[in-house]
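Here's the structure, in structure tokens; my notes come after.
One-based numbering along the sequence shown. Note that these values count all heavy atoms, side chains included, but never hydrogens, waters or copies made by symmetry. Quick caveat, the model's predicted, so the values are computed rather than measured. Whatever order the structure lists ligands and atoms in, that order sets their numbers, starting from 1.
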Amino acid sequence: MSIFKLGLVAYFNTAPLRYGLAENLPSEIEISYAPPAELNRLIAQGQIEAGLISSLAYAKYHEELLLLPDLSISATGRVGSVLFFFRGRLSELSGKPVAFTPESETSVALLKLLLEDFYGVRPLYRVGRPEETDFGYLAIGDEALILRKTPPFPNVLDLGGIWTEKTGLPFVFAVLAIRKESLQAFGDTVRLLARNLYLSRAKGLSHLDKLIEKERPEELSYPEALTYLSGLEYDLSGLKQEALQVFFRHLARRGEISKIRRLSFVEL
Ligand SMILES: C=C(O[C@@H]1C=C(C(=O)O)C=C[C@H]1O)C(=O)O
């Protein structure tokens, strides 16, 4: 039997998407867990057939990928876990070193876009740890949720909040992508996977209480975890597709990706 490899992000924010998933999937689907940047690399290299990847990675490799309809990790307004901590005034960050987590791609591109094109400042970026930088640090996922408790710098920008404030749109951080070439061999498996993901999302969102008890990072209280998960969205509606295209157009203008004519989806 050939194995269909699915890569998921193990952050707390994916808990509703993967609620009960592993127990219900057919045996030919094998799940592995890794940070987004690692999943982006694995799917690009064909080492996994499907993955919850950074939306930016879909843009980069869209010729080899298809999206699973209606799945994402997104937010309309503040997301709570994509945070840029910084010292001093934002307008004085030009030329100052700031660091970002190695685990993200979308949020790094979003940070650069917001700082440079929306706020007109151009810091010096590097991958690194918060303690290795004097002026700013971008964290995502559980790390951001935990750092929020004891911030490394006095000020914080929630990138989802700023994006929505500036554009009036939601922001899509991650999408569920499948390698086109795996569809022929695994068409039925992909349909089963999609059905199971829709089911686990529905169950997860209607059992947030159980899920929070089981999965919340210990640093977060129950109400904090509930507020956080309640602010996240897991669909890829028409408006979110439009928002993705707006983000991609900004990145194409900035020379970070090539133009994308349209988002392509798996036909289920
Ligand atoms: C909202 C989040 O979205 C994440 C952000 C990603 C990125 O920046 O590349 C990728 C996957 C998502 O899990 C988060 O993890 O906090």
**Complete:** Pocket residues around ligand 1 (non-hydrogen, under 4.0 Å) come out as Tyr11, Asn13, Pro36, Ser54, Val79, Ser81, Val82, Ser104, Glu105, Thr106, Ser107, Ile140, Gly141, Phe173, Ala174
**Prompt:** Of all residues at least two apart in sequence or in a different chain, which pass the side chain to side chain contact (heavy atoms under 4.5 Å, CB included) check with Arg89?
**Reply:**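 If we apply the side chain to side chain contact (heavy atoms under 4.5 Å, CB included) test to Arg89, skipping adjacent residues, the hits are Ser91, Glu92.
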**Item:** Residues which pass side chain to side chain contact (heavy atoms under 4.5 Å, CB included) with Thr227, listed by chain and number, not counting sequence neighbours
**Value:**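 Thr227 satisfies side chain to side chain contact (heavy atoms under 4.5 Å, CB included) with no residue once adjacent residues are dropped.
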**Item:** Lys166 to Tyr119, cation-pi by 6.0 Å centre distance and 45° axis angle
**Value:** yes
**Asked** Under 6.0 Å between ring centres, would you say that holds for His250 and Phe118?
**Response** yes
**pair Tyr137-Phe86: side-chain heavy atoms closer than 4.5 Å** =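 Heavy-atom side-chain distance check fails, nothing below 4.5 Å.
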**Request:** Please name all residues satisfying salt bridge (Lys or Arg N to Asp or Glu O under 4.0 Å) with Lys259, sequence neighbours left out, ordered by chain then number.
**Result:**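 If we apply the salt bridge (Lys or Arg N to Asp or Glu O under 4.0 Å) test to Lys259, skipping adjacent residues, there are no hits.
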